[in-house]
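Chain identifiers are assigned alphabetically (A, B, ...) following the order of the sequence lines, protein sequences preceding nucleic acid strands; residue numbering begins at 1 within each chain.
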Number of protein chains: 2
Amino acid sequence: MVIASRPLRADAARNREKLLAAAAALFGERGLDVPMEHIARRAEVSIGTLYKHFPTREDLVAAIFPERLAALDVIGEKALADPDPWRAFVGYLEDLYALQAADRGLNDVLARDLPNAPEVVSACHRGAGHVETLIMRAIAAGTLRPDYSVTDMATLTRAMAQVIRDSPDEWRRFLSIYVEGLRS
Amino acid sequence: MVIASRPLRADAARNREKLLAAAAALFGERGLDVPMEHIARRAEVSIGTLYKHFPTREDLVAAIFPERLAALDVIGEKALADPDPWRAFVGYLEDLYALQAADRGLNDVLARDLPNAPEVVSACHRGAGHVETLIMRAIAAGTLRPDYSVTDMATLTRAMAQVIRDSPDEWRRFLSIYVEGLRS
DNA sequence: GTGCAAGTCGAGGGTTGCCTCGAATTAGCG
DNA sequence: CGCTAATTCGAGGCAACCCTCGACTTGCAC
């Protein structure tokens with residue numbers, strides 16, 4: 001469904017890249033809510049140019065995060081490859097929150113609804129699919145409490161997002177306690 | 001240390017009460033960040049009058065929450081009265097988060113640093129004292145993991161604050177999972 | 001070269017929220 | 001009653017962030 005639009009002019013393409021780089025950096029450092037002006041300034045481009053390329057903040061998010069969310073697929077595959085269902089599930093959680101802890105923007109993306117960024121949403125759906133499988137396998141193996149669900153994971157993810165924001169060093173310990181509670 | 005200032009004029013006293021009532025209501029409904037203008041409007045008083053009585057938001061918080069935080073003492077005493085250390089500890093958590101879930105402002109107060117509201121801080125310290133005792137008793141009884149600490153509780157409280165904000169119905173389930181992880 | 005569509009720029013208008021200050025009002029003492 | 005100090009009022013200045021639009025600049029097709 002990509003409309004075949006004529007290619008960008010050279011300067012425009014350059015500015016687009018500078019904007020993406022600036023936004024990627026600032027989202028990572030400060031989260032999704034950095035002022036648009038800051039992004040433009042870091043890209044050494046005027047605010048008008050920013051809006052020309054990305055009329056809304058979500059356009060920017062949608063241009064940046066699908067690639068990063070591919071990391072979710074990677075850790076999902078990695079976990080699914082582990083023959084031990086419990087270790088696979090717990091490993092997934094650890095990898096996921098390590099990613100969130102390393103990227104403030106990703107942390108925000110995963111804790112927030114982004115209705116207008118379908119690529120982001122679908123990446124999350126893919127992630128949820130992995131999670132679903134990991135949960136079912138661990139339940140079937142009798143190691144995970146049988147009533148655990150993807151909904152619980154979503155709640156956990158929002159809680160973890162907060163823990164990571166407040167105290168970047170304590171999320172592992174918090175997670176390990178929670179995970180203990182999941183054993184059946 | 002209360003300075004013996006002459007009593008407020010009748011109309012001023014009335015307005016002060018109206019402001020406190022309005023702020024109490026709005027903090028409870030919308031959290032600590034309601035615009036000052038909204039508080040003034042709900043109190044049917046001008047914004048200038050609000051600032052005359054409470055020069056900063058924290059003054060308002062400090063005037064309202066110490067009383068509410070007394071509830072922490074109540075549930076603390078209640079828990080300490082329970083002869084079963086584990087049930088006491090878990091009961092305290094449930095009571096605490098039920099309070100937070102019922103009062104958006106309290107939820108904010110307990111998840112946030114309020115450096116300029118010493119009465120609030122000291123109420124939190126008292127609460128932490130209760131928690132400390134409950135934790136030590138449960139550890140001594142061998143039912144709580146021996147490395148649990150007040151710091152962990154603080155982290156939990158911030159996480160719970162987020163869960164409560166996002167999904168007011170799921171905090172009990174989230175807590176019960178976490179609590180399972182605390183057994184030793 | 002030249003011309004024009006494409007792109008850039010940034011001042012400025014809009015919004016929301018914070019807080020101040022001087023003019024107008026009024027409680028309550030004597 | 002008056003008088004005065006205490007109180008009230010709200011327009012308006014300030015700041016942060018949003019986003020638009022018309023004038024200017026420039027890449028590039030010919």
Side-chain angles (χ1 to χ4, degrees), chain A residues 2-23 25-27 29-64 104-105 108 112-117, chain B residues 2-23 25-27 29-64 104-105 108 112-117:
Chain A
V2 173
I3 314 297
S5 55
R6 72 183 43 181
L8 287 177
R9 230 169 65 176
D11 57 342
R14 220 177 315 131
N15 282 338
R16 187 167 203 280
E17 288 313 310
K18 289 205 285 182
L19 282 165
L20 285 172
L26 284 172
F27 284 162
E29 294 165 17
R30 311 270 184 201
L32 289 193
D33 292 328
V34 281
M36 297 299 247
E37 269 88 355
H38 291 199
I39 297 174
R41 203 173 314 144
R42 162 101 60 133
E44 296 175 293
V45 137
S46 91
I47 183 66
T49 301
L50 192 168
Y51 279 102
K52 175 97 200 284
H53 287 280
F54 304 99
T56 74
R57 181 182 302 272
E58 290 206 359
D59 291 327
L60 216 32
V61 171
I64 288 173
R104 177 67 205 274
D108 287 356
R112 198 175 289 195
D113 283 345
L114 296 171
N116 300 330
Chain B
V2 172
I3 313 296
S5 55
R6 70 183 44 182
L8 287 176
R9 229 167 67 175
D11 56 343
R14 220 177 316 133
N15 282 337
R16 186 167 205 280
E17 288 313 310
K18 288 205 287 182
L19 281 165
L20 284 172
L26 284 172
F27 284 161
E29 292 165 19
R30 310 272 183 201
L32 289 193
D33 293 327
V34 280
M36 296 299 248
E37 267 88 355
H38 291 199
I39 297 173
R41 203 173 313 143
R42 163 101 61 132
E44 296 175 294
V45 137
S46 92
I47 183 66
T49 301
L50 192 170
Y51 279 99
K52 174 99 203 283
H53 286 281
F54 303 100
T56 75
R57 182 182 301 272
E58 290 206 358
D59 291 328
L60 216 32
V61 171
I64 288 173
R104 176 69 206 274
D108 287 355
R112 195 174 291 196
D113 282 344
L114 296 171
N116 301 329

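In this structure A:E29 satisfies the side chain to side chain donor-acceptor pair (under 3.5 Å) test together with A:R42, sequence neighbours excluded.
Salt-bridge annotation for B:R112 and B:D33: present, with a side-chain N of the basic residue lying under 4.0 Å from a carboxylate O of the acidic one.
End-to-end axis angle for the helix from C:dG1-D:dC30 to C:dG30-D:dC1, using five pairs per end and rounding to 10°, comes out at 10°.
The CE atom of B:M36 lies 6.0 Å from the CG atom of B:L60; values are rounded to the nearest 0.5 Å. Atom CG of B:L50 is separated from atom CG of B:L19 by 5.0 Å, given to the nearest 0.5 angstrom. Once rounded to the nearest 0.5 Å, the distance linking CG of B:L26 with CG of B:L32 reads 11.5 Å. Between atom CZ of residue B:R16 and atom NZ of residue B:K52 there is a gap of 11.5 Å, rounded to the nearest 0.5 Å. To the nearest 0.5 Å, the span separating NZ on A:K18 from OG1 on A:T49 amounts to 9.5 Å. With rounding to the nearest 0.5 angstrom, the OG1 atom of B:T56 is 9.0 Å from the OH atom of B:Y51.
Residues A:G31 and A:R104 come closest through the heavy atom pair N-CG, 3.2 Å. B:H53 and B:A12 get closest at one heavy-atom pair: CE1-O, 3.4 Å. The two residues B:I64 and B:A23 have their closest heavy-atom pair at CD1-CB, 3.5 Å. Here the shortest heavy-atom pairing between A:A117 and A:A62 reads CB-CB, 4.0 Å.
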*Could you run down nucleotides 22-30 of chain C 5' to 3' and tag each one B, S or - for protein heavy-atom contact under 4.0 Å?*
----BSS--
*Walk me through it: do B:I39 and B:F27 pass the test side chain to side chain contact (heavy atoms under 4.5 Å, CB included)?*
CA-CA 9 Å; B:I39 297 173; B:F27 284 161; 4.1 Å; yes
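Taking the side chain as every heavy atom from C-beta outward, A:F54 and A:L20 approach each other to under 4.5 Å.
Within a 6.0 Å radius of CZ in A:R30, no more than 12 heavy atoms belonging to other residues, nucleotides or ligands are found.
Here the range on DNA chain D touched by chain A, meaning any atom under 4.0 Å from one of its heavy atoms, is D:dC17 to D:dC28.
For residues 32-44 of chain A, proximity to DNA chain D is found at A:P35, A:M36, A:E37, defined as any non-hydrogen atom under 4.0 angstrom from a strand atom. Contacts between residues 52-60 of chain B and DNA chain C, counted as heavy-atom distances below 4.0 Å, involve B:R57.
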